[in-house]
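Written out below as structure tokens is the structure these notes cover.
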Amino acid sequence: MTPSAAALRKITDQLQAVEAESGDGVIQLGRDSSLKVSNLAKVFFPKPGITKGEVMRYYTSVWPYLRTVLADRPLSLKRFPDGVAGKFFFQQKAPPNPPDVVRVESIKSPAGEIQERIIGGTLGTTLYCTQIGAFECNPWNVRVGSLSDPDFTVIDLDPGPKSPFARVIEVALWVKEALDHLGLHAGVKTSGATGIHIVIPLPPKSTDAVAERVPRLIAEAVAGAHPQSATVVRPISKRGSSKIYVDFGQNARGKTIAAAYGVRARPEASVSTPLRWDELTPGLDPRDFTIRTLAARLETVGDLWGPIMKRPNPARIVTTL
DNA sequence: GGTGATC
DNA sequence: GATCACCAACGCCAC
DNA sequence: GTGGCG
Ligand SMILES: [Mn+2]
Ligand SMILES: [Mn+2]
């Protein structure tokens, strides 16, 4: 159930009002659901001066886009209670007594133990994550109901400390060539930090083995063909500071990547932003996409992510690699 | 950030 | 009411 | 076992 535009507008108005007052209050999310919030006027991104309330308003306004990215997926949280420049910690298990609007399910952890986890897909859940300073809320590649069937797999391009972003783009286009050659399609987005994510939607009932093998084959082929620019070597010291690390290792159970449309805990409050492949040109700067610029972009380009992720690649190809 | 203990 | 201590991940792999 | 890694 996705709230209407009018309902979302009511929520952003409430957030605005609470932030302008004491910063503490209760947000009415629906007829009988509400969320207690606090410190909405506290700055969590010092450089642009972005508050917790502004992040909540961003998530509310892009909710129609974000919802399908998070729906039914266990989340891994990274929390920054003192702002994105402060200390952080990861959180896997749901807290003991989460508010009613937060979806929690008993899930088998990768190690095989039952644990209570936060599940994405409701606005209340996402606003709660922001409330507790979880500025990164990363979804698993499986959904409750099919917890052993990954429905996407990712090739994660991580630039070294001295790689120009143009080099990330170059490698991304080589990955695209490899995908084309194999007859596969994929979505591309900024990671929100310094790299790029190339996400390959998988057919139903795909296995972890497929999710782990497909990106690996492509990554090794690209790094093998372009050793000057790309590498799959794991130790940083043996990697070369201006090469792009083609990371195929983010596809095991419990590993995650940033959600499309999700904010990152970076100084600019940048957002992992879906792109058209033809936008991968030298002028592209991932820092241009922030919670303050995304609304305008979405108005013109619409949802570049949902439709691609809903179109699985053929099992015939993906399982025979 | 949330909670429970303590002065 | 203010202050404080404590809590909040994990799997893989090379060595 | 410990450390590096994301
Ligand atoms: Mn990355
Ligand atoms: Mn990575």
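These figures come from a predicted structure and were not determined experimentally.
For the side-chain contact (heavy atoms from CB on, under 4.5 Å) test with A:V246, the passing option among A:D158, A:V171, A:D156, A:I198 is A:V171; the others fail.
How far CG of A:D151 is from CG of A:D149: 8.5 Å, rounded to the nearest 0.5 Å.
Between A:K255 and A:D208, no side-chain nitrogen of the basic residue sits less than 4.0 Å from a carboxylate oxygen of the acidic one, so the salt-bridge criterion is not met. Salt bridge status for A:E105 with A:R117: absent, with no side-chain N to carboxylate O gap under 4.0 Å.
Looking at heavy-atom distances under 4.0 Å, A:F44 makes contact with sugar-phosphate atoms alone, never a base. At a threshold of 4.0 angstrom between heavy atoms, the contacts of A:L77 with the nucleic acid are absent. Among the heavy atoms of the strands lying under 4.0 Å from A:N39 are primed sugar atoms or P, OP1, OP2 only; no base atom is included. Counting any heavy atom pair closer than 4.0 Å across all strands shown, A:K36 reaches no nucleic acid atom. Residue A:S76 is classed as having no contact, given no heavy-atom separation below 4.0 Å to the nucleic acid.
Residues passing the side chain to side chain contact (heavy atoms under 4.5 Å, CB included) test with A:R67 are A:T2, A:W63, sequence neighbours excluded. Not counting sequence neighbours, A:P282 has no partner by the side chain to side chain contact (heavy atoms under 4.5 Å, CB included) test.
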Classify every nucleotide of nucleotides 6-12 of chain C by which part a protein heavy atom approaches to under 4.0 Å, writing B for the base, S for the sugar-phosphate alone and - for neither, in 5'-to-3' order.
-> --BBSB-
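Distances shorter than 4.0 Å separate some side-chain N or O of A:S38 from OP1 or OP2 on B:dG2.
Following rounding to the nearest Å, A:I257 (CD1) and D:dC5 (P) show an atom-to-atom distance of 22 Å.
Remark: the separation of the C1' atoms in B:dG2 and C:dC10 is 23 Å, to the nearest Å. Nucleotides D:dG6 and C:dA8, compared at atom P, are 25 Å apart to the nearest Å.
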